[in-house]
Amino acid sequence: MLNARFFSTIAHIRDLPTDSQREVAFAGRSNAGKSSAINVIANQKRLAFASKTPGRTQHLNFFETQAGRFLVDLPGYGFAKAPFTQQRAWQQLIGGYLADRRQLVGLVLIMDIRHPLTDLDRHLLNWFRPTGKPIHILLSKADKVSRSQAMQVLRTVQTELDSAGFTAQVQIFSSTHRIGLDASETIIRQWLDMVKPSKESPSPATAPDSANILANTPEAIP
Ligand code: GDP
């Protein structure tokens, strides 16, 4: 898990964090399981539900995993009447962010495994395609279908995206049953260029050489 913490809520492109190095965005239809997925990946019970509070539903929520590395929760789509790419707010903030954000390294798209590739998902994929950046798809709520059904949907979605020329990987996922957590975390860590703590090589904080140095820094004071 990534241990992210809430960083900021953004309503305008001009407010995007300036010292960000890498960002991974999370998108999906409302109710697809996006908030649950972010919470379980980020190891926080209620982190992503901030985006559901009134007044914040059209904002970008930034969660920091390591200095300068962010998970970005995009507003869920699907409830508004107009297709989202025709809405001014969407075009300006979310569309602008997806199309132009240099620090954005990849998109995680969450789709309910029982309703994959809806028109709005296709819309978003096509919108994102010109960036050439990779897409990782979580087929969420996989606990709701049998293993063989899940594998069938996985194959169908992967084949469709491959033949449409997307740089996309698809996996099955369940927040409640913690299915596919390691695979998604591995991808996000790679994209964010994060270092995974390894049991074999001790981290600097536990290495004998650095222990004395750390003991003299303010951070070491309980
Ligand atoms: P969002 O609108 O995309 O952020 O979706 P939420 O994360 O709020 O989830 C929508 C509903 O689906 C909630 O009732 C969740 O409890 C449920 N849900 C989310 N993920 C899973 C899952 O992996 N398995 C099951 N069975 N239900 C889930």
Side-chain angles (χ1 to χ4, degrees), residues 1-11 23-63 65 70-81 83-85 87 89-90 93-95 97-98 106-125 127-128 135-154 157 168-188:
M1 287 164 294
L2 297 173
N3 290 317
R5 64 176 184 90
F6 179 78
F7 185 81
S8 60
T9 293
I10 302 299
E23 297 164 8
V24 169
F26 286 72
R29 283 186 74 197
S30 302
N31 213 38
K34 176 168 60 67
S35 306
S36 304
I38 294 174
N39 285 337
V40 75
I41 288 168
N43 196 22
Q44 299 284 340
K45 281 206 173 69
R46 297 200 51 80
L47 189 68
F49 291 120
S51 53
K52 294 195 166 184
T53 53
R56 280 191 181 179
T57 51
Q58 288 303 312
H59 296 185
L60 308 184
N61 287 287
F62 278 68
F63 309 123
T65 59
F70 295 94
L71 310 178
V72 184
D73 187 11
L74 305 182
Y77 47 83
F79 283 146
K81 284 192 184 110
F84 56 41
T85 46
Q87 294 172 27
W90 195 95
L93 179 62
I94 301 132
Y97 172 79
L98 286 173
L107 175 68
V108 178
L109 176 58
I110 292 100
M111 305 193 296
D112 188 322
I113 197 160
R114 299 163 301 174
H115 314 287
L117 289 174
T118 63
D119 286 350
L120 290 173
D121 296 323
R122 290 171 198 275
H123 232 77
L124 181 78
L125 286 166
W127 181 274
F128 193 64
I135 298 157
H136 190 70
I137 293 187
L138 304 183
L139 295 173
S140 66
K141 310 191 192 180
D143 57 283
K144 298 259 194 191
V145 300
S146 71
R147 174 89 190 156
S148 61
Q149 283 172 315
M151 296 316 287
Q152 177 66 44
V153 177
L154 175 75
V157 172
Q169 274 185 44
V170 188
Q171 67 156 103
I172 61 173
F173 191 86
S174 164
S175 300
T176 51
H177 291 59
R178 306 180 76 84
I179 299 168
L181 206 50
D182 283 352
S184 55
E185 185 190 329
T186 300
I187 292 282
I188 293 165

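Bear in mind that the values here come from a model prediction, so they are computed numbers and not experimental data. Counting starts at 1 for both ligands and their atoms, following the listed order.
- Contacts with ligand 1 closer than 4.0 Å are made by heavy atoms of both the backbone and the side chain of N31.
- Numbered from 1 in the order shown, with element, the atoms of ligand 1 that lie under 4.0 Å from a heavy atom of S174 read 23 (O).
- Contact annotation: the side chain of N43 never approaches that of L2 to less than 4.5 Å [non-hydrogen atoms, C-beta and beyond].
- Relative to atom 7 (O) of ligand 1, the option among A32, A27, S175, S36 with the closest non-hydrogen atom is S36.
- Those atoms of ligand 1 that come under 4.0 Å of a heavy atom in T176, given as number and element, are 22 (C), 23 (O), 24 (N), 25 (C), 26 (N).
- Compare K141, R29, R178 by their heavy atoms: the one nearest to atom 28 (C) of ligand 1 is in K141.
- The residue H177 has no part lying near ligand 1, judged by heavy-atom distances below 4.0 Å.
- Looking only at distances, no side-chain donor or acceptor of S175 sits under 3.5 Å from a matching main-chain atom of V40.
- Using modelled atom types, one finds a donor on one side chain and an acceptor on the other under 3.5 Å when comparing T118 with D121.
- The N/O atoms of F173, backbone and side chain alike, include none that comes under 3.5 Å of an N/O atom in ligand 1.
- Side-chain contact between I113 and I172 is present, with at least one heavy-atom pair separated by less than 4.5 Å.
- Taking only nitrogen or oxygen atoms, main chain and side chain alike, S30 does not reach within less than 3.5 Å of ligand 1.
- In this structure, L71 and V108 have side chains that are not in contact, with every pair of non-hydrogen atoms separated by 4.5 Å or more.
- Atoms CD and OG, from Q171 and S184 in turn, are 5.0 Å apart once rounded to the nearest 0.5 Å.
- A 4.5 Å side-chain heavy-atom check between D73 and F6 finds every atom pair outside the cut-off.
- Not a single heavy atom of S140 sits under 4.0 Å from any atom of ligand 1.
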